[in-house]
Amino acid sequence: MDIQHTTLLIIGGGPGGYVAAIRAAQLGIATTLVEGDQLGGTCLNVGCIPSKAMIHAADAYHQAHHFMGGSALGIHVESARIDIAQTVRWKDGIVARLTGGVGALLKKHGVKVIKGWAHIVDGKTVDVTLDHTAGPAVRIQGEHLLLATGSVELGLPGMPFGGRVISSTQALSPDSIPKKLVVVGGGYIGLELGLVYRKLGADVTVVEAQDRILPLYDEELTKPVSTSLRKLGLQVHLGSKVQGLNAAGDAVRVLDGAGREIEIPADQVLVAIGRAPHTHGWGLEKLMLAMQGRALKVDDQCRTSMRNVWAIGDLTGEPMLAHRAMAQGEMVAEIISGKRRHFAPAAIAAVCFTDPEIVVVGQSPVDAAKVGLDCISAHFPFAANGRAMTLEATDGFVRVVARRDNHRIVGWQAVGAGVSELSTAFSHSIEMGACLEDVAGTIHAHPTLGEAVQEAALRALGHALHV
Ligand code: FAD
Ligand code: NAD
């Protein structure tokens with residue numbers, strides 16, 4: 001068997017693994033990256049990017065429909081039609097450009113990329129097979145082993161994937177739009193993709209086990225999303241448990257919030273009840289690493305319990321977000337090169353690309369109270385923002401949370417159209433230790449949604465100008 005040696009051996013070419021590889025190579029570390037499927041991982045191929053592409057396409061189609069009955073803007077559209085195969089090709093084109101770009105960057109930096117599935121032999125050695133059934137084609141030994149195998153979707157025990165029951169991966173490449181879609185899980189994927197299918201014309205019913213949608217976010221933030229779901233005609237069953245498909249296989253049996261068993265007709269069922277770290281099927285158990293629940297346990301430098309074995313990204317648990325995986329990957333490469341680094345972000349932004357969007361960075365008023373911080377908080381509504389009016393997007397608000405004693409900002413939350421783009425300013429202010437006065441005293445361009453950020457800070461100081 002061919003045996004190769006390297007300094008840094010990375011398993012997984014998602015945002016965690018490929019960023020670690022690029023940074024390591026920039027720092028002069030001989031790096032080999034093993035990827036069994038496509039470079040870019042879940043994020044570029046079947047996650048962040050394709051879902052945002054489909055959200056944009058669905059929004060554009062929905063907008064055209066909205067104009068069919070005429071509109072206050074004076075725009076009238078005679079008819080709107082979607083060629084879903086063309087939409088999927090367009091989305092695939094973006095994915096191909098980005099994954100091709102990752103390949104080119106790795107090549108340019110001199111990273112050795114091996115296409116194949118890695119199986120762990122020991123803490124410094126992996127065998128790579130070209131597919132899961134074939135024997136090993138190459139053995140690679142590395143001084144450092146970085147595990148970045150990501151996560152896998154969770155299925156429902158009584159309703160395995162297959163046939164009508166699909167995961168987000170299939171939902172992102174539809175052949176056609178089903179008439180009736182049942183979505184199990186009212187979290188990130190269920191709502192982002194549930195909205196896409198609704199806007200593309202499906203009757204969508206969301207079944208959520210908890211008593212509200214997006215239970216990770218506070219209720220004030222999710223309320224405008226609930227209202228929008230209702231307006232758009234999505235049905236939502238809260239506090240409900242899926243029992244399985246009916247005997248004919250064309251409806252989902254659900255124990256609803258009132259304890260009644262109901263059947264919801266379904267041409268397709270999208271199961272989106274969370275993801276779990278990808279820890280099985282590649283020999284990880286041989287290393288007997290410390291675990292934290294289902295995730296690999298790592299310290300604040302992403303070291304596992306074995307010397308020179310590192311882990312990043314979804315494999316290390318929540319929050320399972322691409323930007324966290326990338327930041328961890330960059331840090332591990334720098335530590336291996338000899339730099340002193342720790343993973344201690346002041347906050348990691350979370351964005352839900354629903355309609356309207358939600359963004360959360362740092363602590364909410366409730367989070368702050370829970371840890372005994374005496375805080376002030378203030379909202380600024382988009383209804384009072386000129387730019388929001390020009391965009392017909394006056395639903396929602398920006399909220400700031402700051403310490404009462406020194407006005408240091410500890411959290412930002414926003415809900416509204418396009419607020420995902422405010423996450424950058426929110427993260428900057430928290431990471432840089434800004435106070436309310438810093439944001440209030442910064443000139444914000446007019447007319448922008450960002451003025452609501454400054455106004456929220458002004459309002460917390462007791463002198464908002466435009467509300
Ligand atoms: P992954 O991206 O999962 O990459 C792991 C890679 O390892 C894969 O390419 C896999 O093939 C490879 N691999 C696994 N085992 C082996 C092996 N044994 N040998 C070789 N290769 C192997 N996050 C956001 O921040 N924003 C979003 O908007 C967002 N949207 C999402 C939408 C959807 C539908 C989904 C499913 C996820 C979304 N996420 C989003 C989450 C995001 O995709 C993940 O957090 C991110 O991809 C994790 O990166 P990673 O590098 O840890 O793992
Ligand atoms: P999620 O954790 O966001 O939501 C899962 C939802 O399913 C929860 O509301 C949960 O209460 C519900 N649920 C669990 N079991 C259930 C059951 N048996 N019946 C009904 N409801 C049930 O998970 P997801 O939407 O599958 O997304 C997976 C992960 O992917 C996310 O946690 C996130 O890390 C990542 N993601 C991020 C984004 C983004 O950043 N915009 C988008 C999509 C996915």
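All figures in this text were calculated on a predicted structure; none of them were measured in a lab. Computation of the quantities below employed the complete heavy-atom set of this structure, encompassing side-chain atoms and omitting hydrogens, waters and symmetry-equivalent molecules. Each ligand, and each atom within it, is numbered from 1 in the order the structure gives.
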Close N or O approach ([X], ligand 1; < 3.5 Å):
X	answer
C43	yes
A322	yes
K52	yes
F353	no
M320	yes

Which ligand 2 atoms does [X] reach within 4.0 Å, using its non-hydrogen atoms?
X	value
P215	9 (O)
M320	33 (C), 34 (O), 35 (C)
E192	39 (C), 41 (N), 42 (C)

Problem - Heavy-atom nearest neighbour of atom 2 (O) of ligand 2 within options G274, S168, A276 - result: G274
Problem - For atom 27 (O) of ligand 2, the option (of I189, L270, I213, L154) bearing the nearest heavy atom - result: I189
Problem - Donor-acceptor side-chain pairing of T316 and R324 below 3.5 angstrom - result: yes
Handout entry: Donor-acceptor side-chain pairing of K180 and T205 below 3.5 angstrom
Key = no
Is ligand 1 less than 4.0 angstrom away from at least one heavy atom of [X]?
X	result
H119	no
M326	no
G116	yes
I11	yes
E153	no
L39	no

Residue, atom name and distance, where the atom is the protein heavy atom closest to [atom]:
atom	value
atom 8 (C) of ligand 2	E208 OE1, 3.5 Å
atom 18 (N) of ligand 2	L156 CD2, 3.5 Å
atom 31 (C) of ligand 2	Y188 CD1, 3.7 Å

